[in-house]
Structure formats: structure tokens, C-alpha cells
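Comments concern the structure below.
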Amino acid sequence: MAKLALINREQKRADLVKKFAGKRATLKVIIDDQSKTEEERYEARLQLQALPRNSNPTRQRNRCALTGRPRGTFRKFGLGRIKLREVAMRGEVPGMTKASW
């Protein structure tokens, strides 16, 4: 199990991403708009840089929903590889069976 502080940090990042998503999107549109003046685009870049670092979605890390493990997480299920295997063996994932050949 991951430390609770790390799990809470990721949750805080997710909240910041959600909070600043609209503002970040509008600033990026201004920055990419070639019809705007260079000063307006420069000002938009400064405003984008002034946003909190953790509001950038690339700083988020996928973690297992049950244990908080950061590596080996399957996006489709939101679980780490170890917990996904345990859940699948109990038959709680529809359509997933143990491989055999």
C-alpha cells in the first residue's frame, strides 16, 4: 500500500487539473492563434506560466484505486497488475479468464 500522503497528493493534483482546465484551454487557444498580436500571445504565455505547476495534467500519475501503487496500472480497470489478477481470479471482472493454451 502506498503512503496515504502520496495518494492524497495525487488527489490534490487531480482537483487542481479540474479547477484550471478551462482557463488553461482558453490560454492555449490564444497562444496558438496566429491572428492575435505578438503582445497578446506573449501575455497569454505569461499567464499560463503563472498557473500552479500541479494544474498541468501531465504531472498526474495513474495509481491503483485499491492500493495506490503507481506502476503497473491498467487504465481500463484503474487497478494495479497485482490487484487486477486477484480480482480476476475471484471472477469479479466480466469476461476476463485465466489464460491457458
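This chain uses plain numbering: 1 for the first residue, then up along the sequence.
Under the 4.5 Å side-chain criterion, counting only non-hydrogen atoms from C-beta, Arg69 is not in contact with Lys83. Asn54 places none of its side-chain heavy atoms less than 4.5 Å from the side chain of Arg9. Residues Ser55 and Arg24 form a side-chain contact, since some pair of their non-hydrogen atoms from C-beta on lies under 4.5 Å apart. Residues Arg63 and Leu6 have side chains in contact (heavy-atom distance under 4.5 Å, counting atoms from C-beta outward).
A 6.0 Å sphere centred on CZ of Arg71 holds no more than 12 heavy atoms belonging to other residues, nucleotides or ligands.
The line from CD1 of Ile82 to OG1 of Thr67 is 7.0 Å long, rounded to the nearest 0.5 Å. The structure places CZ of Arg85 at 6.5 Å from NZ of Lys98, a figure rounded to the nearest 0.5 Å. With values rounded to the nearest 0.5 angstrom, Lys28 atom NZ is found 15.0 Å from Lys23 atom NZ.
A donor-acceptor contact shorter than 3.5 Å links the side chain of Glu40 to the backbone of Thr37.
Ile31 and Leu51 fall within a single hydrophobic cluster, where Ile, Leu, Val, Met, Phe, Trp and Tyr side chains are chained together by heavy-atom contacts under 4.5 Å. Hydrophobic clustering keeps Ile7 apart from Leu16 (ILVMFWY residues linked when any side-chain heavy atoms are closer than 4.5 Å, directly or through intermediates). Placement of Val93 and Leu66 within a single hydrophobic cluster is found when ILVMFWY residues are connected by side-chain heavy-atom separations under 4.5 Å, directly or transitively. Hydrophobic clustering of Ile, Leu, Val, Met, Phe, Trp and Tyr side chains at less than 4.5 Å, counting indirect connections, unites Val87 with Phe77. Tyr42 and Leu27 end up in different hydrophobic clusters when Ile, Leu, Val, Met, Phe, Trp and Tyr side chains are linked at under 4.5 Å.
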Would Asn62 and Arg75 count as a side-chain contact (heavy atoms from CB on, under 4.5 Å) if you check the C-alpha gap in whole Å, the side-chain angles of each, and the deciding distance to 0.1 Å? CA-CA 8 Å; Asn62 292 335; Arg75 286 183 190 170; 3.8 Å; yes

Determine, stepwise, if the pair Arg61 / Arg13 fulfils side-chain contact (heavy atoms from CB on, under 4.5 Å). CA-CA 9 Å; Arg61 177 84 177 176; Arg13 283 182 180 148; 5.6 Å; no

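For Gly78 against Thr73, the heavy-atom pair with the smallest separation is C-CG2, 4.3 Å. Scanning both residues, Cys64 and Gly80, for their nearest heavy atoms gives SG-N, 3.2 Å. Scanning all heavy atoms of the two residues, the minimum distance from Ala88 to Met96 falls at CB-SD, 3.3 Å.
Between Glu38 and Arg45, at least one side-chain N (NZ, or NE/NH1/NH2) sits under 4.0 Å from a carboxylate O, which counts as a salt bridge.
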